[in-house]
Structures are given as C-alpha cells and as structure tokens.
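Position 1 is the first residue of the sequence; numbering continues from there.
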Amino acid sequence: MNNKFHIITFGCQMNVYDSEVLKGILSQKGYSATSKPEDANLIIVNTCSVREHAEVRAIGRLNELSRHKLENPEVKLAVIGCMAQRLGERFLKEVPTLDLVLGTEELFKLPDYLEKKGKSPTVALSFSELQKIDSLPQRKNKFSSFVAISRGCENFCSYCIVPYVRGSEKNRKLSEIIKEVQCLTEYGCKEVALIGQNVNSYKDNGCDFAELLKEVSKTDIQRIRFMTSHPKDLSLKLIEAMSELEKVCEHLHLPLQSGSDKILEKMNRKYNSSDYLRLMDSVRGKVDNLSLTTDLIVGFPGEKEEDFQKTLEMVQRIEFDSAFMFKYSPREGTTAFLLKDDVPNEVKLERLQMLIELQKKIAQKKNKSLIGKTEEVLIDGKSKRDKSSWKGKGRSNKTVIIPKGEKDENLLGEIVKIKIADTDSFTLFGEIIKKR
Ligand code: SAH
Ligand code: SF4
Ligand code: F3S
C-alpha cells in the first residue's frame with residue numbers, strides 16, 4: 001500500500017506548526033511525506049478562516065484536488081484546521097469528495113480516523129481539550145522552529161474568527177514547552193519562536209510569560225522570539241525580561257489594528273491610541289535597537305476618512321519596522337458581522353494602498369539608517385534570487401542577504417555578525433565580520 005502523504009498549509013504560524021506536528025504523528029505511524037501531491041495517497045489541506053480570501057484560495061485548491069481524486073479514487077482527501085472547524089458538515093456540500101473534515105484539535109487524531117472503518121466521510125470538531133502528543137514535530141526549518149505555548153484565544157476582537165475556530169485559550173505546561181525546546185537543540189535547532197494568539201497572557205501554575213522566557217533562556221537554545229503580543233497584556237515585567245535576557249531577540253510584534261480610538265473601541269481591543277504610544281515609549285526606552293512590527297486593518301465598519309487619517313498619523317509617528325496590512329473582511333459569527341460593512345471596496349483598496357505606500361517609505365528610511373551598523377544573523381539557506389548568496393534572519397526579524405564571498409564554506413545554521421552595507425524596504429544586505 002502507498003503510504004505517502006502531502007500536506008498543503010494555509011494561514012498563520014500556528015497552522016504551520018500544526019502541520020509540522022501532524023507530519024511527526026503520521027511519520028511515527030509509518031506514513032512518509034512527499035512534496036508531490038500526485039504521488040500521495042493521502043492529501044491534507046490545513047486551512048485558515050481569518051479572511052474570506054484565505055477561504056477562497058483553499059476551496060480553489062480543494063476543487064483541483066477533487067478532480068485529481070476522481071481520476072484516482074484510492075486517494076483520501078482530508079481538510080483540517082480553522083475552516084474545517086468553522087464549516088464542519090457544510091464543507092461536504094462545498095467539496096463532496098472529502099473523506100475527512102477535522103477541526104483544530106481533532107486534526108491530531110487524523111491517523112486514527114483513517115484507520116477507522118465504516119462511516120465515510122467523517123466530520124470531527126471537538127476542541128475543548130488539548131490533544132496529548134508524543135511524537136516529535138517534523139520541522140520545515142531545522143534551525144529556527146515554532147513552538148506553540150498556548151492554543152486558542154478568548155479576546156473576542158469584534159472582527160476576528162479565531163476564538164470561534166480555536167476555542168478558548170489553553171496553555172501548554174511549562175515543563176512540556178521546555179522539553180520541546182531542549183529536544184530541538186539536540187537536533188541542531190538554534191532559534192525558537194514561541195507562538196500563541198496572545199503569548200502575553202500565558203499562565204501555567206503561577207508562571208507567567210516573562211518567567212517562561214527566563215526558563216526557556218536556561219536551555220541550550222541560542223535565540224528566542226515570540227509572537228503575537230496583545231497591547232492590553234504587555235506588562236512591565238515582560239518588557240524588563242526582554243531587555244535583560246540576552247537570548248531574547250529585540251523584536252516585538254504588537255498589533256495596533258487602527259489609530260482611531262473610536263474604531264479601536266468598536267474592535268473591542270481594550271486599549272486606545274495613547275495607551276499604545278505609552279507602551280511603545282516604554283519598550284523603546286528599555287530595549288535597545290528594538291524592531292517594532294504590527295498588524296493594521298483598514299475599512300472596518302464605520303471607519304470614516306478622519307479615522308483612517310488617524311491610522312496614518314499613528315503609523316507616521318510610531319515608524320514601524322514593518323506591518324501586515326489588511327482590508328477588513330466580514331466573518332460570519334463575529335460581532336462585527338452584525339455591523340454594516342459600509343466602507344465600499346474601492347475605498348478599502350485605496351486606503352490599503354495609501355497605508356502600504358506610507359509604511360514602505362518608513363521602512364526604507366529606517367533600514368537606510370542601519371547602513372554601517374552590525375546585525376547578528378542566523379543563516380537558514382540560500383537566497384532565492386541568487387543561489388550563491390546566503391540568506392538569514394537578523395535579531396530584528398528582518399531578512400538579511402549576504403552576497404557571495406564565502407561561497408565555499410557551509411554557513412547553514414551558523415549565527416554570524418554582519419556589517420550592513422545596503423538595504424531596501426524589506427531586506428538588509430551585508431558582509432560577515434565575525435563568526436560565532
Ligand atoms: N492573535 C493575533 C493575530 C490574529 S490574526 C493578534 O491578536 O494580533 C492576524 C491578523 O489578521 C490580525 O492581527 C488582524 O490584523 C487580521 N485580521 C483578523 N481578522 C480580520 C478580518 N476579519 N479582516 C481583516 N483582517 C483581519
Ligand atoms: Fe483574534 Fe483578537 Fe484573539 Fe488576535 S487577540 S486572535 S485578533 S480575537
Ligand atoms: Fe487563520 Fe486559524 Fe491562524 S483562522 S490566522 S489559521 S488561527
């Protein structure tokens with residue numbers, strides 16, 4: 001029997017991580033991964049529901065795969081993750097060829113469902129408890145790995161589907177997280193990114209996120225990142241931990257979402273623009289060379305021109321290193337869905353374009369000011385554009401390209417110090433001045 005599987009992943013880091021965990025589980029059960037869907041007997045699509053666009057792309061891909069399955073009836077087709085959780089049985093109407101629809105926790109039991117004879121297709125959506133997992137995740141990036149510290153979210157930002165598809169926040173045990181990090185280092189991993197929808201609210205038996213960072217710092221891992229932080233839970237204690245712990249990178253992803261207090265309130269974000277500015281001053285005051293990144297939404301219901309101008313003003317004032325910028329997408333089931341989606345699509349697009357332009361200029365200016373300075377880079381591969389150049393991530397989380405020069409030496413997985421020679425809005429270019 002052909003035991004090959006192929007996983008296609010949409011969505012955020014949590015989905016990337018879940019796919020890695022599932023790969024580990026399937027490998028332990030005797031399945032083997034293939035990069036070619038046409039060679040696989042089991043095709044899995046891990047889905048995202050955060051915006052309509054992500055769902056449309058997943059459906060498109062599933063329709064293609066359905067045609068493949070009709071020609072190869074032995075192929076099993078599974079849809080897992082957030083969109084599977086959201087649609088459940090309804091998914092079978094959209095894509096009738098599906099064998100399995102597994103939600104955001106049930107997905108880890110995929111091999112059990114495959115082995116179970118009888119009722120097909122199967123839909124399983126329970127997500128009240130964390131699944132116990134014994135196998136090692138199979139990592140995409142050997143040197144920098146995601147480690148989930150919590151799952152779910154209970155902040156209920158009014159636009160967001162995540163609390164509905166991932167359930168309430170469930171924290172992993174500190175001991176389990178430390179074990180996973182230590183184990184990664186034994187396989188050559190240099191950096192971990194601790195992930196959760198809101199890492200700042202982590203709690204295990206009285207241990208909070210700042211203490212978790214301290215504990216992770218005591219392992220053999222060399223660099224630590226984390227995301228995402230919610231401004232309402234960013235404590236002074238965490239800021240201090242960031243500044244004191246050498247292994248923790250000077251990068252903070254702190255979604256602002258909007259610069260207008262009226263919109264922030266309607267979004268149920270629980271902070272206003274002055275709170276955000278105060279936080280920013282406090283972090284920048286404590287953490288040298290901080291790289292600050294954010295998420296922004298344009299066209300939320302009721303967003304007037306003056307509200308959008310406030311977003312532009314905040315972006316101008318704060319000068320983020322980079323930003324993910326989105327058009328508001330109404331999500332059925334959220335409280336904002338009940339509001340009239342009254343910003344016309346052309347206006348949303350226009351605002352998004354203006355915001356992207358402004359942010360690009362800011363990033364260009366900020367990056368230019370780094371020329372001549374140094375940055376510590378973890379090298380994780382070759383540049384896609386120029387195969388003779390090394391590529392990696394700086395502590396700032398910026399992509400760094402190190403053109404040629406050292407081409408004969410294998411620098412994969414090395415942490416090096418570079419001098420920044422040139423920049424554009426997304427990338428730094430530099431020469432190695434020191435190897436660790
Ligand atoms: N937990 C994280 C990120 C969640 S989703 C946080 O709280 O920041 C990632 C980003 O997608 C969000 O920060 C938000 O900017 C965006 N997003 C979420 N729902 C959206 C929607 N309905 N329309 C447009 N963007 C959305
Ligand atoms: Fe969504 Fe808000 Fe939770 Fe982030 S904090 S996942 S935006 S509800
Ligand atoms: Fe999408 Fe689910 Fe992540 S909705 S953004 S894949 S938590």
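When atom types are taken as modelled, the side chain of K262 and the backbone of G302 share a donor-acceptor pair closer than 3.5 angstrom. Checked by atom type and distance alone, the side chain of R284 never pairs as donor or acceptor with a backbone atom of L292 at under 3.5 Å. Distance alone, capped at 3.5 Å, places no donor-acceptor pair between the N155 side chain and the C157 backbone. Remark: the backbone N or O of H68 is paired with a side-chain donor or acceptor of N72 at under 3.5 angstrom. In this structure, the side chain of D424 engages the main chain of T427 through a donor-acceptor pair within 3.5 Å. At distances below 3.5 Å, at least one donor-acceptor pair connects side-chain atoms of T47 with backbone N or O atoms of M83. Without hydrogens or angle criteria, D261 side chain to S273 main chain gives a donor-acceptor distance under 3.5 Å. When atom types are taken as modelled, the side chain of Q13 and the backbone of I195 share no donor-acceptor pair closer than 3.5 angstrom. Of the possible polar contacts, none joining the T334 side chain to the I161 backbone as a donor-acceptor pair under 3.5 Å is found. K247 places a side-chain N or O within 3.5 Å of a backbone atom of S217 that can act as its donor or acceptor partner.
Salt bridge absent: D204 and R172 never bring a charged side-chain N and a carboxylate O closer than 4.0 Å. Under a 4.0 Å N-O distance rule, the pair E431/K419 does not qualify as a salt bridge. Look at E105 and K170 and you find no salt bridge, because none of the NZ, NE, NH1 or NH2 atoms lies under 4.0 Å from a carboxylate O. Remark: R278 does not engage D281 in a salt bridge, criterion side-chain N to carboxylate O under 4.0 Å. With respect to the salt-bridge test (charged N to carboxylate O, under 4.0 angstrom), the residues K270 and E265 do not qualify. Contact check on R223 versus E376 returns a salt bridge, with a Lys/Arg side-chain nitrogen under 4.0 Å from an Asp/Glu carboxylate oxygen.
Looking only at atom types and distance, the side chain of N15 has no donor-acceptor partner in the side chain of T9 under 3.5 Å away. Neither side chain, N46 nor D18, offers a donor N or O lying under 3.5 Å from an acceptor on the other. Counting only N and O atoms by type, the side chains of Q359 and S322 include no donor and acceptor under 3.5 Å apart. Neither side chain, Y202 nor E211, offers a donor N or O lying under 3.5 Å from an acceptor on the other. Using a 3.5 Å distance cut-off with no hydrogens or angles, the side chains of S291 and E250 do not pair a donor with an acceptor. A donor-acceptor contact under 3.5 angstrom links the side chains of N367 and K398, judged on distance only. Looking only at atom types and distance, the side chain of K327 has a donor-acceptor partner in the side chain of N345 under 3.5 Å away. Side-chain contact of S389 with S383: a donor-acceptor pair under 3.5 Å is absent, judged by distance alone.
Within 6.0 Å of CD on E129 lie no more than 12 heavy atoms contributed by other residues, nucleotides or ligands. Counting non-hydrogen atoms of other residues, nucleotides and ligands closer than 6.0 Å to NZ of K417 gives a total of 12 or fewer. By the 6.0 Å contact criterion, CG on N63 is enclosed, its count of non-hydrogen atoms from other residues, nucleotides or ligands being greater than 12. Counting heavy-atom neighbours within 6.0 Å of E240 CD, excluding the residue itself, gives a total above 12. Within 6.0 Å of the NZ atom in K232, the count of heavy atoms belonging to other residues, nucleotides or ligands exceeds 12. Shown here is K391, whose NZ atom has more than 12 heavy atoms of other residues, nucleotides or ligands within 6.0 Å. For E305, the CD atom sits in a packed shell: over 12 heavy atoms of surrounding residues, nucleotides or ligands are nearer than 6.0 Å. Within 6.0 Å of NZ on K140 lie no more than 12 heavy atoms contributed by other residues, nucleotides or ligands.
Among all heavy-atom pairs drawn from S258 and T311, the shortest one is OG-OG1, 3.6 Å. Closest non-hydrogen pair, D39 versus T34, comes out as CB-OG1, 3.9 Å. Between L254 and H230, the closest heavy-atom pair is CD1-C, 4.1 Å. Contact record, S158 with T335: CB-OG1, 3.2 Å, taken as the closest heavy-atom pair. Taking each heavy atom of A40 and I43 in turn, the nearest pair found is CB-CG1, 4.2 Å. The minimum heavy-atom distance between S201 and E169, with the atom names listed, is OG-OE1, 2.8 Å.
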Salt bridge (charged side-chain N to carboxylate O under 4.0 Å, His left out) between K368 and D422, intermediate numbers included: CA-CA 7 Å; K368 216 172 218 132; D422 198 7; over 6 Å; no
CA sep, side-chain torsions, deciding dist, call: F156, Y164, ring pair (Phe, Tyr, Trp, His ring centres under 6.0 Å): CA-CA 9 Å; F156 292 97; Y164 304 91; 5.4 Å; yes
Full working for side-chain contact (heavy atoms from CB on, under 4.5 Å) between M227 and V199: CA-CA 6 Å; M227 68 177 17; V199 289; 6.0 Å; no
side-chain contact (heavy atoms from CB on, under 4.5 Å) between K4 and L42, intermediate numbers included: CA-CA 6 Å; K4 288 195 178 146; L42 167 62; over 6 Å; no
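Between L174 and E215 the shortest side-chain heavy-atom distance falls below 4.5 Å. Looking only at side-chain heavy atoms (C-beta outward), F5 and K23 come within less than 4.5 Å of each other.
Note: F300 and Y328 have perpendicular aromatic rings, judged against thresholds of 30 and 60 degrees for the angle between ring planes. The aromatic rings of H253 and H251 sit tilted, their planes meeting at an angle between 30° and 60°.
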